[in-house]
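Sequence positions, counted from 1, serve as the residue numbers for this chain.
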Amino acid sequence: MAETEREHDEGNEIADPDREVGELVGKLTGPDELEPAERRRLLGRLAQALSAGAKRARATGAGRGRWLADVFLNIAPRIPIRDLHTLSDHHHGLTGEELADDLVRTAQKATMAVGAIGGALAAAEFAAPPLLLSAPAQLVAETIVVAAVEVKLLAELHEVYGVRVPGTGAQRAVAFTAAWAKQRGIDPLTPASVSLVLGTATKTALRNRLLRTLGRHLTTLGPFLTGAVAGGALNRMATKKLGEAVRDDLRVKRPLPAGEQREIGHRKHAELDP
C-alpha cells in the first residue's frame, strides 16, 4: 500500500473512532506476539481514537466511568476468544492445568508489556510538562487493553475447564465482561451468574472495575523509568490474582479429572512448604 493510501485509510479509521478502537484492541489482544515497537504504535493509535471518543462523550455530558464502560461493551464482542482445540494448538498441545498455567503466564506477559509501555509513555510526559495533558489518553488506552486481555483470559479459562456459557457471541461477551467486573468465574447453572444483559448493578460494577484499573495505571505517572517498572509490575500481579480467583471458581463448577486434581493438590502443598 502506498504511503498516501495508508494515510487515507488511517484517516478514515480515526473518523470512526468506535470502529478504530475495536480493531486496535482486537490486534493488541490477538494470539500473535507483537514486537514492542508495533505494540507501542498500536497503543498510540488507540489513545488517539479514544481521545476522539472522549471529546464526543464530554460534549454529551457523559461521565468518564460511564463512557469507559460504554467503550468496553462496544469492543467486548470483538475480543478474539479461542476454543479449546485452538488453545491447545497455540500452546504446544498443552491441556488441563498445564494449559491454564500457560494461559495465565501469557496474559501476565501481555498486561505487563502494556503496563511497561504505558508507564514509560507517562514517564516521558512527566519529564515534558507541556505534553502532560495527553498522558491520560495513553493510560485510558492501557486500561482498555488490559481489561480486554483479562476478559479474554477469563473466557478462555472457561474453555479449558469445560464450563460452557450459553448464548450468542455477543451475549457471551457480555457475560464474560460481567464476570470480569466481579473478578469471578461463571456458574452456568445459576441464572444470575450468566449476565446476558447487563443490569444496573452489573453496569455499576463494570464502571467501578474499569475506574479502579485506570486508577492503578495513574500511579505510573512518575519521572524517569519508575512509571514503566510500576506499570508492568502492577498489571502482572493483578492479572495473576484474577487468574487464580477464576480458576478456583471453575474447579468447583467443573472439576478436572482426578489425576489433574491430585496434581493441583501436590502443587499447592509444595507452595506451602518453606
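- Checked by atom type and distance alone, the side chain of Q108 pairs as donor or acceptor with a backbone atom of R236 at under 3.5 Å.
- Distance check, rounded to the nearest 0.5 Å: CG of L103 to NZ of K152 gives 9.0 Å.
- A search for side chain to side chain donor-acceptor pair (under 3.5 Å) contacts involving K240 returns nothing, not counting sequence neighbours.
- In E38, the CD atom is crowded: over 12 heavy atoms of neighbouring residues, nucleotides or ligands sit closer than 6.0 Å.
- Atom OG1 of T29 and atom CG of L153 lie 12.0 Å apart (nearest 0.5 Å).
- F176 CZ to I79 CD1: the interatomic distance, rounded to the nearest 0.5 Å, is 10.5 Å.
- Salt bridge annotation for D102-K109: absent, with no cationic side-chain nitrogen under 4.0 angstrom from a carboxylate oxygen.
- One finds the CD1 atom of I144 at 12.0 Å from the CG atom of L139 (value rounded to the nearest 0.5 Å).
- For L50 against A141, the heavy-atom pair with the smallest separation is CD1-CA, 3.4 Å.
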Next on the checklist: For a salt bridge (charged side-chain N to carboxylate O under 4.0 Å, His left out) check, start with the C-alpha distance between E23 and R45, then their side-chain angles and the critical distance, and finish with the verdict.
Outcome noted: CA-CA 11 Å; E23 291 176 355; R45 288 184 60 192; over 6 Å; no

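- Rounding to the nearest 0.5 Å gives a distance of 12.0 Å between CZ of R40 and CG of L34.
- For the pair L210 and W180, the minimum side-chain heavy-atom distance is below 4.5 Å.
- Distance alone, capped at 3.5 Å, places no donor-acceptor pair between the S51 side chain and the A47 backbone.
- For R172 against G167, the heavy-atom pair with the smallest separation is CD-O, 3.5 Å.
- Under 4.0 Å is where a charged nitrogen must lie from a carboxylate oxygen, and between E97 and R247 at least one such pair does.
- E150 and T239 are linked by a side-chain donor-acceptor pair at a separation below 3.5 angstrom, with hydrogens and angles left out of the test.
- A donor-acceptor contact shorter than 3.5 Å is absent between the side chain of S88 and the backbone of L84.
- Pairing each heavy atom of H90 with each of P31, the nearest pair is ND1-CB, 3.9 Å.
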Next on the checklist: What verdict does the side-chain contact (heavy atoms from CB on, under 4.5 Å) test give for V21 and N74, after you've listed the backbone C-alpha separation in whole Å, the side-chain angles of each residue and the deciding distance to 0.1 Å?
Outcome noted: CA-CA 9 Å; V21 168; N74 180 54; 5.8 Å; no

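- With a 4.5 Å cut-off on side-chain heavy atoms, L206 and T202 do not count as touching.
- Just one residue in the list H91, H92, H85 forms a side-chain hydrogen bond (donor to acceptor under 3.5 Å, both in side chains) with D89, and that residue is H85.
- Contact check for H158 versus V246: side-chain heavy atoms found under the 4.5 Å cut-off.
- Heavy-atom contacts from other residues, nucleotides or ligands closer than 6.0 Å to CZ of R82 number more than 12.
- Residue V149 forms a side chain to side chain contact (heavy atoms under 4.5 Å, CB included) with just one option from V25, V114, T111, and that option is T111.
- Checking Y161 against E156 by side-chain atom types alone, no donor-acceptor pair falls below 3.5 Å.
- Each of T86, L99, D83 was evaluated against E159; a single residue qualifies, D83, per the side chain to side chain contact (heavy atoms under 4.5 Å, CB included) test.
- From T177, atom OG1 reaches atom CZ of F72 across 5.0 Å, with rounding to the nearest 0.5 Å.
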